[in-house]
Amino acid sequence: MKSIGYNNSVAIIGANSNVGAQFAMAIAKAYRLLLIDSDEIQTSLLATKIKHITQLPSAVEVLSCSKDASWEADIIVLASPTFTHASIAKKIAEVTTCKTILQISNVNDELVSLQNILPHSHVIKVIINHSSVMVQGENADALQLALQLLSFAHWTLIEENKLT
Amino acid sequence: MFNVLLAHIQEKVNLSVGDVDLLKSFFIPKKLRKRQYILQEGDVCKYLMFVEKGLLRMYHVDDKGAEHMIQFAWEGWWMADTYSFLSGDISQYNIDAIEDAELLMITLPNFEAMLLQLPVMERYFRILFQNNIISKERRLINTISYSAEEKYKRLVATHPEMIQRIPQNLIASYLGLTPETLSRIRKKLMQS
């Protein structure tokens, strides 16, 4: 029986956004990706492109349900517009206990804190300003994991902030 | 999502509503696809896993590439390389899913925090570990004392669901038999 190699799975919700696609392309060689977005045709095109680049046909999948993807994933990246984050967080709360969630936004976006909606998850805020990035979170291990992921994306870390 | 785990715990100890809420906060819910690994030889076993749905196997691969089944776990069973999980040393086992699975996983720091904050879980795990020791002793006796046919008969008697769900070649490996030997035994038992 041939088995699928174990890798951390990352669900990218809002994969078709600029930042979502960029992030997916950057980490695809190191992580198994589960891509979610409302336009599944566009998401499938992105998946095909990533498979072509990585030459790993089983490493990327398109899923239609953010809850199922978050259940399967070890790490969740919210790359959809920030106004959608709270409603997505409510939907995935049950399946993200003790998991790391990267909440990605641009510096000018209004960012709601998800930690109250996801009290048992490790929420890390990733705020992007052009090619620079600020990272904030409470859990040291989750912060470390976020930095590891971000290191693939060629963004310059300008601030790492452990909120207390 | 926690139905099977809660039923399993409450068969052995009592949990209050508050205990249940706290208990849930320690576990990572994880879906695993058929044939997907959750542990590979050479990695540290980071999780103690409870199977809510599906079927896992733990096995060792020898120098010649042959797989030796150590344990199976289906709904209501726990699975881990306990030594690697508790010591942080690398594992010599692989764990993957024979069927799509839904797991509840707990890390060692969370496991220890849970036992501190929910003393009733100390009792639950003491009972589990006692049962596990007995089961390991029985398996050892089966391995060293019984004929191939007797080993199979005892497995059918104690775990009939295993025979229904698990491929025959994996059961043969679990019993330390070749698939051909197991096939002969099954044929003989059916004829008799």
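For the numbers below, each heavy atom of this structure counts, side chains included, while hydrogens, waters and symmetry mates do not. Since we're looking at a predicted model, the values are computed, not measured. Each chain gets a letter, A, B and so on, in the order its sequence line appears, and its residues count up from 1.
To the nearest 0.5 Å, atom SG of residue A:Cys98 and atom NZ of residue B:Lys30 are 14.0 Å apart. Taking NZ of B:Lys24 as the start and CD of A:Glu94 as the end, the distance is 7.5 Å to the nearest 0.5 Å. With rounding to the nearest 0.5 angstrom, the CZ atom of B:Phe27 is 13.0 Å from the NE2 atom of A:His120. Here the CZ atom belonging to B:Arg33 is positioned 5.0 Å from the CZ atom belonging to A:Arg32, to the nearest 0.5 angstrom. Atoms OG1 and CD1, from A:Thr97 and B:Ile106 in turn, are 11.5 Å apart once rounded to the nearest 0.5 Å.
Hydrophobic clustering of Ile, Leu, Val, Met, Phe, Trp and Tyr side chains at less than 4.5 Å, counting indirect connections, keeps B:Tyr83 apart from B:Met69. Under a hydrophobic-cluster definition in which Ile, Leu, Val, Met, Phe, Trp and Tyr are linked whenever side-chain heavy atoms come within less than 4.5 Å, directly or via other members, A:Trp71 and B:Phe26 are assigned to the same cluster. Taken together through direct or relayed side-chain contacts under 4.5 Å among Ile, Leu, Val, Met, Phe, Trp and Tyr, B:Leu189 and B:Ile171 form part of one hydrophobic cluster. Grouping the Ile, Leu, Val, Met, Phe, Trp and Tyr side chains by contacts below 4.5 angstrom, directly or via other members, places B:Ile90 apart from B:Ile95. Each of B:Val44 and B:Ile28 belongs to its own hydrophobic cluster when Ile, Leu, Val, Met, Phe, Trp and Tyr are linked at side-chain heavy-atom distances under 4.5 angstrom.
The heavy-atom pair separating A:Ser9 from B:Gln36 by the smallest distance is OG-NE2, 4.1 Å.
Other residues, nucleotides and ligands contribute at most 12 non-hydrogen atoms within 6.0 Å of the CD1 atom of A:Ile41.
Contact annotation for B:Asn110: only side-chain heavy atoms (C-beta onward) come within less than 4.5 Å of a heavy atom of chain A.
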